[in-house]
Amino acid sequence: MKQHEDFFQLVYQVVRLIPKGRVTNYGAIAKYLGSARSSRMVGWAMNAAHNQKPKVPAHRVVNRNGELTGKHHFETPFLMQELLEKEGIKIVKDKIQNFDKHFWSPTKELEL
DNA sequence: TGGGTGACCATAG
DNA sequence: ACTATGGCCACCC
């Protein structure tokens, strides 16, 4: 069992907790899991999120600016935006509008 | 051992 | 809006 697989599961577990219509960013997840892991590792974990058995709502994870930087890793480049818009989030030019309003922080919402 | 890369982040100019 | 740096950590040459 490789160590990084445990980290993957932790990331997926947090992402699954993101409520519908809310979003968070890679750094917040990394912080929640501990500063030992950087946000780069979260993005790296998301790279393998698409074929997880319990589905991972990867579209609810964006970068710190609310930009859909991960859209190219979906089946189609439009899927990520479509999923978010279906949850009531407005997106203009790959950027989430009212990002602070939709933002969901695991460290705060999960009451660490 | 070392360089390049990445769904990142912060700061500076 | 843009680039450049430095930090971050694991992976793959």
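Proteins get letters first, then strands, A, B, ... in listed order; numbering begins at 1 in each.
- Here the nucleotide nearest the side chain of A:A58, chosen from C:dC8, B:dA7, B:dC9, is B:dA7.
- Neither A:V56 nor A:L79 shares a network with the other; the hydrophobic side chains, linked directly or stepwise wherever heavy atoms of I, L, V, M, F, W or Y lie under 4.5 Å apart, form separate groups for each.
- A:N63 comes within contact range of the sugar-phosphate backbone alone, with a heavy-atom separation under 4.0 Å but no base atom that close.
- Taking atom CZ of residue A:R64 and atom P of nucleotide C:dC8, one finds them 17 Å apart after rounding to whole Å.
- Rounded to whole Å, the separation between the P atoms of C:dG6 and B:dA7 comes to 22 Å.
- Here the straight-line distance linking atom CZ of A:F78 with atom CG of A:D94 works out to 9.5 Å at 0.5 Å rounding.
- Atom pair A:L10:CG and C:dA10:P shows a separation of 13 Å (rounding to whole Å applied).
- Here A:A45 lies out of heavy-atom contact (under 4.0 Å) with every strand.
- The CZ atom of A:R64 lies 10.5 Å from the OG1 atom of A:T69; values are rounded to the nearest 0.5 Å.
- Per the geometry, OH belonging to A:Y26 stands 14 Å off P belonging to B:dG6, to the nearest Å.
- In this structure, A:F8 atom CZ and C:dA10 atom P are separated by 11 Å, rounded to whole Å.
- Crowding of A:Q13 atom CD: a count of heavy atoms from other residues, nucleotides or ligands under 6.0 Å not exceeding 12.
- Whole-Å rounding puts the A:I29 CD1 to C:dC9 C1' distance at 16 Å.
- Separating the P atom of B:dG4 from that of C:dA4 is a span of 16 Å, rounded to the nearest Å.
- Rounded to whole Å, the distance from OH on A:Y32 to C1' on B:dC9 is 21 Å.
- One atom, CH2 of A:W44, and another, P of B:dG6, lie 15 Å apart when rounded to the nearest Å.
- One can place CE of A:M41 at 13 Å from P of B:dG6, the figure rounded to the nearest angstrom.
- Rounded to the nearest 0.5 angstrom, A:K71 NZ and A:Q81 CD are separated by 6.0 Å.
- Two residues are said to be in side-chain contact when any heavy atoms from C-beta on lie closer than 4.5 Å; A:I96 and A:F103 fail this criterion.
- Put simply, the side chain of A:N47 reaches to within 4.5 Å of the side chain of A:H73, judged on heavy atoms.
- Near-neighbour residues of DNA chain B inside residues 72-94 of chain A, defined by a heavy atom below 4.0 Å, number-ordered: A:H73, A:F74.
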